[in-house]
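One structure is given here, and the rest of the page talks about it.
Residue numbering restarts at 1 for every chain, and letters A, B, ... go by the order of the sequence lines. Just so it is clear, the structure is predicted and the values come from calculations on it, not from any experiment.
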Amino acid sequence: MAETTEAVATHEQAGALTPEHEMSHEEAANDRVMFGFWVYLMTDLLMFSVLFAVYAVLHANTVGGPGGGQLFSLKQALIETLILLTSSFTCGLGMIAARKGDKTQVLAWFGVTFLLGLAFLGLEVKEFAEFVHEGHTLSSNAFLSSFFSLVGTHGLHITSGLLWMGVILAFVIKRGLNKHMVRKLALLSLFWHFLDIVWIFIFTIVYLMAFTA
Amino acid sequence: MSKKQSPENTQHTEHGTTASYIVGFVLSLIFTAIPYYMVVNKTVTGRALVATLLGFAIWQMLIQIFFFLHLGRGPKPFYNVVFFVSTVGIIVMVTVGSIFIINHLQANMAPMDTTKKLAQDEGISQVSGKQTGACNDIGENHKIIIKDGMATPAHTQAKLCDSMTFINEDSKVRDMAFGSHPNHEIYGGESEETARKGYPKTITLNQAGTYQYHDHLDPAVHGFFSVEP
């Protein structure tokens with residue numbers, strides 16, 4: 001009996017790289033949450049990939065209506081991309097501040113991220129409203145249906161990300177920056193970077209490629 | 001180098017430093033600017049441009065994954081990488097597979113006749129700048145009366161986007177085909193029109209030129225029509 005425990009103990013020691021790398025319960029729980037969230041992000045990515053496939057197949061079916069090259073404003077898409085890239089960057093800086101426990105900087109950086117996200121969403125809503133106003137709606141043709149589904153789904157994610165960010169920031173203001181808040185912010189920043197990556201593909205496949213013909 | 005082993009340092013490599021975020025940000029800006037200018041200036045065109053743009057997007061993604069998501073850095077999140085790679089595998093299968101299959105379905109399921117027929121029924125006169133042959137406004141109607149095995153008038157003069165109606169007054173069913181018997185041709189996406197007594201058939205003259213028509217079952221019933229553009 002004593003021999004077995006000893007064997008297990010030596011085995012555990014051999015398995016761990018250095019004592020620092022052994023996880024505490026807290027870290028292990030953090031890791032599980034992170035992995036769970038990562039699994040969600042990957043399934044979300046699958047959903048986006050299907051929407052991308054639909055867009056890739058249907059984008060030429062305009063049934064006489066204008067195509068992407070006539071409808072889209074490349075400049076606006078570039079501005080949206082720069083806004084989102086910057087917000088991803090400020091989100092990262094906010095995360096560094098969160099790990100240092102600097103509440104003021106967390107609020108500042110995530111505040112900037114929130115405003116940039118809001119600006120992005122505003123531009124997207126403006127673009128959609130213009131299309132609908134000109135009579136290019138979801139039901140006009142297959143190209144517009146797939147366009148609105150793909151870009152709109154991303155916009156919905158941004159909206160929910162902003163709501164989430166608002167709630168977390170309100171908690172940080174009220175209750176201060178504790179380790180639970182840092183974990184929540186870490187998940188949020190993961191989500192935000194993920195949306196940035198999805199947008200890079202929307203920018204490339206939807207907007208840039210509309211002007212390649 | 002004993003400092004490298006300290007817990008704070010491991011923490012840093014895992015979550016990224018301000019410097020790594022700045023590097024990632026600058027790189028992602030560069031990888032946005034280059035494809036944008038390539039599209040605006042049209043230095044490359046067509047398939048080469050599409051491939052280059054996709055290449056830049058993938059590089060951009062890798063930059064963000066490395067510098068912003070810190071995937072695969074630090075000792076712990078190895079299973080995240082495994083899961084990410086398997087997801088990318090599934091995504092490639094789903095997207096490339098769907099695009100390949102659906103594109104083929106689309107190419108095979110809509111032959112020109114069907115497209116033309118659909119365009120005709122829906123009154124779509126052009127698709128991406130190309131005329132479909134459909135007419136938005138239908139002009140004058142020309143009647144062809146088939147009675148006692150004779151079609152009158154034998155020659156119909158019409159303008160593009162006029163319509164023409166076969167009125168069969170015989171009890172026999174007339175299968176009106178285009179071209180001279182037995183060689184059939186397709187006119188405006190139609191190869192044959194069946195006209196029964198009391199059920200006239202109207203077609204839109206959406207193709208200019210001179211064409212013949214005849215009853216496929218009784219070639220004696222025939223005539224021709226000219227459509228001016």
### Task
Carefully, step by step, assess B/F100 and A/V57 under the rule side chain to side chain contact (heavy atoms under 4.5 Å, CB included).
CA-CA 9 Å; B/F100 178 76; A/V57 172; over 6 Å; no
From [X] atom [atom1] to [Y] atom [atom2], the distance as rounded to the nearest 0.5 Å:
| X | Y | atom1 | atom2 | value |
| --- | --- | --- | --- | --- |
| A/D44 | B/T87 | CG | OG1 | 11.5 Å |
| B/F67 | A/S88 | CZ | OG | 13.5 Å |
| B/Y36 | A/T204 | OH | OG1 | 13.5 Å |

Give, as side chain, backbone, both or neither, the part of [X] having an atom under 4.5 angstrom from any heavy atom of chain B.
| X | result |
| --- | --- |
| A/F203 | side chain |
| A/T43 | neither |
| A/K75 | both |
| A/T212 | both |

In the structure I gave you, are the side-chain heavy atoms of [X] and [Y] within less than 4.5 Å of one another anywhere?
| X | Y | answer |
| --- | --- | --- |
| B/Q64 | A/I200 | yes |
| B/F68 | A/W192 | no |
| B/I22 | A/F89 | yes |

### Summary
Between B/T17 and A/I96 the two heavy atoms that sit nearest each other are C-CD1, 3.4 Å
### Residues B/I91, A/V50; criterion side chain to side chain contact (heavy atoms under 4.5 Å, CB included); working and verdict
CA-CA 8 Å; B/I91 285 173; A/V50 173; over 6 Å; no
### Query
With a 4.5 angstrom heavy-atom cut-off, which part of B/F56 approaches chain A: side chain, backbone, both or neither?
neither
### Residue B/I63 versus chain A: region with a heavy atom under 4.5 Å
neither
### Task
Evaluate side chain to side chain contact (heavy atoms under 4.5 Å, CB included) for A/T86 paired with B/F25, printing each intermediate quantity in order.
CA-CA 7 Å; A/T86 313; B/F25 182 52; 3.7 Å; yes
### Query
Between the side chain of B/K42 and the main-chain N/O of A/F211, is any donor-acceptor distance below 3.5 Å?
yes
